[in-house]
Amino acid sequence: MKCVEIISIFAENKPGKLEKITEVLAKEGINILGFSIASMGDFGVIKFLVDDPERAYQSFRERGFTVAKLPALGVELEDRPGGLHERVKLISNKGINIESALVYVAETRKKAYFVFEVEDIQKAWTLLKDENLNFLDTSDLKRA
Amino acid sequence: MENRYFNPKVELLNKEELKDLQLKRLKAVLNKVYRRVPHYRKKFEEAGVKPRNLKTLEDIKAFPFTTKEDLFVDYPFGLLAEPLEKIVRLHTSSGTTGKPKALFFSKRDIWAQAELIARALVMTGASSRDILQNSMTYGLFTGALVMHYGAELLGMLVIPAGPGNTERQIELMQTFGTTCLHMTPSYALYVASVIQSKGLSPKRDLQLKRVYLGAEPYSEETRQKIEEMLGVDVFNCYGLSEMGGPGVGFECPAKNGLHIWEDAFLVEIVNPETGEWVKEGEVGELVLTSLNRTAMPLIRYRTRDLTRFITEPCPCGRTHVKIARILGRTDDMFIIKGVNIFPQQIEAVLMSIKGVAQNYQIILEGYDEMTVRVEIDREFFDGRLERLLALKNEITEKLRQAIMVRPKVELVEPGTLPVSEGKAKRVIDKRTL
């Protein structure tokens, strides 16, 4: 299976929280490729796609953050109107529910990926793998 | 269940003999305070009672209560029933404001209380072969010193560790093979979590068997959590400085209520509002009379602790009365939207929910709004917001069912709420009424 790993961090909604989190990645020299923030009033979950997920996970853990690592699928988007719509339509036609998502722009105005988490990644992979999609893989994230 | 006794003669007295002993001692103590303590004489006279009016234990109902306020009349020595030269120790107990309560011990009182502790320790299965790490605060607080003397009387090896410096606590346990701990429940949770986070396995790396927890109320769920985390038996230990410190009430291996040594205390449970005895089994305020203290006996002392009698005979064979774990303080109780709530009710719900870590905080603010802040369990988090939402809803709903009020629930990161190494501060009341 071609997939990537998303780092999720539980964060209370208070000033300076995102700063502290991004500081960890900055200090460790880990590059953020994409991120999303989902907030539920007093708390939220911040998600990152990074070039070294294992090290990012360990760094957050060691510093006492509440962190989890979840696999996600990434499919390439075409850079034109309707590009995202097509991909999402395909995914939903397969009956796959997107639980959370972020976008990774690999090359500005040239190459982007829609990266999404699902309930059952194995099942989603089986349904999508033969659909003529370009999937993102962990090995693609390493710095060139 | 193995039954051993430190003082079987007293611990196994039949109810009749125990009542006779209590009556004899009660008469003596009433006489003593009437003759020697002007404040008690005055109180008795105001209530129109004399020690000789007491013919049965039940006649105690006619005698006036002693409250915290009485301890500050003729402060600090006014309630002494012995001359100062007979007094060997002072302990104090922090009042909410101003001066601390001053409690005095004679030499005899020190060792009488130590015997109550020794009985309790044997009751839990401990012996002179055990090693007790005493992690309560040494000093003016009775918690550590009184336990210390009791454990030494039994012949245990005592490590007077005091509280705090958790790294050192764990080192002591590892180096000396500590088998018993004495600490507050909130600190025990903290120590247990540090032991876990260091990757130590209590079963493999430590020798712990028993943990004695006291000085603050805690729930059955907290007991189970600590028992699981440390692989030990946790025994609930109740005491108050006014009655000589720890060892007033202590659990036996049945772990269903605390025995109070009735040769040392006369136990009543009253309605906190009316002062009348509650019906047997009903919750009320614990009222204690010291039957065997010489320096500063207190008559019908209002403890402000809420509990109830457990009346079924105890499988451990001891005849001494049992009370339920302390359900709260008469002054911990807060009222939200007209409902009386004890922090322990909230704790019991939280500790029963998977995904909740050890610490919580109750904040009362605005116009009768209650917010419960709950630390989530680090291992519970899997990156899914939905799961957090479900947890939040589960907590809200279970609390609503338990206390009849719907609180606002906030999930916070583990380790962010204050852990007190003494009495936990769980309720913050910011209401301005």
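A, B, ... follow the sequence lines: proteins, then strands. Residue 1 opens every chain.
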For [X], is it the side chain, the backbone, both, or neither that has a heavy atom closer than 4.5 Å to a heavy atom of chain B?
X	result
A/Lys69	neither
A/Ile9	backbone
A/Phe10	both

Practice item. Can you check whether anything in residues 87-124 of chain A gets within less than 4.5 Å of chain B, heavy-atom wise, and list it by number? Key: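 Under the 4.5 Å heavy-atom cut-off, A/Glu99, A/Val118, A/Glu119 qualify.
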Check your understanding: Any side-chain donor-acceptor pair under 3.5 Å between B/Tyr218 and B/Thr184?
Key ->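 Note: B/Tyr218 and B/Thr184 side chains miss the donor-acceptor criterion.
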Study note, to complete from the structure: Of B/Lys408, B/Glu386, B/Glu379, the largest count of non-hydrogen pairs under 4.5 angstrom with chain A goes to B/Glu379
**Study point:** Winner by heavy-atom pair count (cut-off under 4.5 Å) against chain A, out of B/Leu389, B/Leu411, B/Asp377
**Key:** B/Leu411
Point to revise | Best-contacting candidate, A/Glu12, A/Lys47, A/Lys14, A/Met40, against chain B by heavy atom pairs under 4.5 angstrom | key: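 Highest number of pairs under 4.5 Å: A/Glu12.
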Exercise for review: Check whether B/Thr416 gets within reach of chain A through its side chain, its backbone, both or neither, counting any heavy atom under 4.5 Å.
Suggested key: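 The side chain, not the backbone.
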Output yes when a side-chain donor or acceptor of [X] lies under 3.5 Å from a complementary backbone atom of [Y], and no otherwise.
X	Y	value
B/Asn359	B/Glu375	no
B/Thr175	B/Leu172	no
A/Arg55	A/Glu28	yes
B/Glu216	B/Ser186	yes
B/Glu413	A/Ala11	no

Review point. For B/Lys225 and B/Glu221, what are the C-alpha separation, side-chain angles and deciding distance, and is it a salt bridge (charged side-chain N to carboxylate O under 4.0 Å, His left out)?
Key: CA-CA 6 Å; B/Lys225 197 158 193 164; B/Glu221 286 75 11; over 6 Å; no
Exercise for review: Report yes or no: is the cationic atom of B/Arg387 (NZ for Lys, CZ for Arg) closer than 6.0 Å to the six-membered ring centre of B/Phe380, at no more than 45° off its axis?
Suggested key: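 Positive - B/Arg387 is close enough to the ring of B/Phe380 and near enough to its axis.
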Check your understanding: With a cut-off of 6.0 Å (strictly less than), are more than 12 heavy atoms of other residues, nucleotides or ligands near CD of A/Glu19?
Key ->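 No, because the 6.0 Å sphere around CD of A/Glu19 holds 12 heavy atoms or fewer from other groups.
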